[in-house]
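Report on the following structure.
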Amino acid sequence: MSTTDRTPQPRPVAPAGVSMRDLLASCAAANAVSTPPRAPEPPAPVRRVDHREAA
């Protein structure tokens with residue numbers, strides 16, 4: 001048998017199940033749904049600026 005007489009080999013078939021893309025998407029969706037919303041940030045303290053009088 002020479003190297004030019006090769007018959008095409010069948011390509012391996014992916015096993016039945018969930019693709020990695022679908023798995024990662026479902027994990028991201030589950031994380032987004034199960035994470036509580038962030039608490040509102042407290043307001044920034046008001047800085048009072050004292051202006052000096054001109055001499």
Side-chain angles (χ1 to χ4, degrees):
M1 181 193 232
S2 69
T3 58
T4 58
D5 295 338
R6 291 188 178 178
T7 58
Q9 298 293 323
R11 299 183 87 185
V13 179
V18 179
S19 69
M20 182 59 74
R21 179 180 174 181
D22 291 339
L23 179 64
L24 291 174
S26 68
C27 290
N31 189 25
V33 169
S34 64
T35 304
R38 291 177 44 179
E41 296 198 15
V46 178
R47 289 184 149 178
R48 194 170 150 206
V49 179
D50 292 330
H51 295 284
R52 296 176 72 181
E53 295 283 332

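Heavy atoms only: backbone and side chains are in, while hydrogens, waters and symmetry mates are out.
- Not counting sequence neighbours, Gln9 has no partner by the side chain to side chain donor-acceptor pair (under 3.5 Å) test.
- With sequence neighbours left out, the side-chain contact (heavy atoms from CB on, under 4.5 Å) criterion links Ser19 to Arg21, Asp22.
- By the salt bridge (charged side-chain N to carboxylate O under 4.0 Å, His left out) test, Arg47 is found to be paired with no residue, residues two or more places apart in sequence or in another chain being considered.
- A donor-acceptor pair is defined here as one N or O able to donate and one able to accept, closer than 3.5 Å; such a pair exists between the side chain of Ser26 and the backbone of Leu23.
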